[in-house]
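Just below is one structure, and these are the notes that go with it.
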Amino acid sequence: MLRYSLYNEDQIREPDLPESYGSDNSSAADNQQERLIKIGWITGYVDGEGCFSINFIRQPHRQNRRGYKTGFQVAHEFAVTQGASSVDSLHLLMKFFGVGNVYINKRYDNHKEHLYRYCVRSREELVKTIIPFFERYPLRTSKQGNFLKFAECIDLMGIGAHLTASGLIKIVEIAETMNHKKPRTEIIRILRDYTPDTDLHR
């Protein structure tokens, strides 16, 4: 199974430091201490507000539209959520990692403010930036287990497992044990009854 053990620090772009930290008078030790504080803030923040998720969207063949080989699309996402009053922290995360986007989730119920999400959905960005960072700087809560399972699913997709029914079942079974442990019995049943469409290979 593939692993993303190589870590290139140049891939992790950090926010601009305050002027006092970037001056010629700052020692290397001071800069390193500031970097460690920043990394500690990020891992703690993600421990509290972050989520690594794997979801499945039914995408079978339809009239005049070719679906996915297995009938399901796999959606992968790293996300951190905050209210509008703290949205600046999400922009700091986006600037630090240099990937992803911040989206608004408008709320019109009895909540006082809209929600914002910093999301990274691109598999390439997850593989090159997000996964290497959290492999090097592990989370401290149960979310570390979710991260490891998330990375395993991305590994499996990297070798094309999601393109076969048996491989996708393995990804679904891992996803069942993540976060809220949502049962995926119906997806597994559909995949076990799956018959490859010979039209896909033409």
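Side chains included, hydrogens not; waters and symmetry mates left out as well; all remaining heavy atoms used. Just so we're clear, the structure is a prediction, and the values are computed from it rather than from any experiment.
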[X], [Y]: one ILVMFWY side-chain cluster at the under-4.5 Å cut-off?
X: L115; Y: Y118; result: no
X: L36; Y: F133; result: no
X: L163; Y: F56; result: no

What is the distance from atom [atom1] of [X] to atom [atom2] of [Y], rounded to the nearest 0.5 Å?
X: T81; Y: L90; atom1: OG1; atom2: CG; result: 7.5 Å
X: K149; Y: I171; atom1: NZ; atom2: CD1; result: 15.0 Å
X: I188; Y: K170; atom1: CD1; atom2: NZ; result: 13.5 Å
X: S166; Y: L191; atom1: OG; atom2: CG; result: 9.5 Å
X: K95; Y: L93; atom1: NZ; atom2: CG; result: 12.5 Å
X: I42; Y: Y137; atom1: CD1; atom2: OH; result: 10.0 Å

Over all atoms of both residues, closest heavy-atom pair of [X] and [Y]:
X: D47; Y: K143; result: O-NZ, 3.0 Å
X: A165; Y: T70; result: N-CG2, 3.9 Å
X: C153; Y: I54; result: CB-CD1, 3.9 Å
X: S86; Y: Q82; result: CB-OE1, 3.5 Å
X: N55; Y: R184; result: OD1-NH2, 3.8 Å
X: I174; Y: T177; result: O-OG1, 2.7 Å

For this session: Could you tell me whether F72 and Y68 have their ring centroids closer than 6.0 angstrom?
Result: no
Problem set entry | F147 vs I131, side chain to side chain contact (heavy atoms under 4.5 Å, CB included): CA-CA, chis, key distance, verdict | CA-CA 8 Å; F147 163 73; I131 289 176; 4.1 Å; yes
For this session: Give the C-alpha distance, both sets of side-chain angles, the deciding distance and a yes or no for side chain to side chain contact (heavy atoms under 4.5 Å, CB included) between H76 and R123.
Result: CA-CA 7 Å; H76 31 63; R123 197 189 321 162; 3.7 Å; yes
For this session: Take H162 and K69 through the side chain to side chain contact (heavy atoms under 4.5 Å, CB included) test and state the conclusion after the steps.
Result: CA-CA 9 Å; H162 62 301; K69 289 183 178 181; over 6 Å; no
Seminar exercise, completed: Residues at least two apart in sequence or cross-chain that pass side chain to side chain contact (heavy atoms under 4.5 Å, CB included) with C119, listed by chain then number, are E77, A79, Y103, R117, R121
Quick one: does [X]'s side chain get under 4.5 Å of [Y]'s, heavy atoms only?
X: T43; Y: R140; value: no
X: M157; Y: V74; value: yes
X: I154; Y: F150; value: yes
X: C51; Y: N179; value: yes

Exercise. Is the number of heavy atoms from other residues, nucleotides or ligands within 6.0 Å of CZ (R58) greater than 12?
Worked result: yes
Exercise. Got a sec, which residues hit side-chain hydrogen bond (donor to acceptor under 3.5 Å, both in side chains) with S53, two or more places apart in sequence or on another chain?
Worked result: none
Seminar exercise, completed: Sorted by chain and residue number, the side-chain hydrogen bond (donor to acceptor under 3.5 Å, both in side chains) partners of T164 (sequence neighbours excluded) come out as none
Exercise. According to the interplanar angle, ranging from 0 to 90°, do the rings of F78 and F52 count as parallel (below 30°), tilted (30 to 60°) or perpendicular (above 60°)?
Worked result: parallel
Problem set entry | E173 with R192: basic N within carboxylate O range, under 4.0 Å | yes
Exercise. Does a donor on one side chain and an acceptor on the other come within less than 3.5 Å for Y45 and S89?
Worked result: yes
Problem set entry | E125 vs I130, side chain to side chain contact (heavy atoms under 4.5 Å, CB included): CA-CA, chis, key distance, verdict | CA-CA 7 Å; E125 292 174 350; I130 301 300; 5.8 Å; no
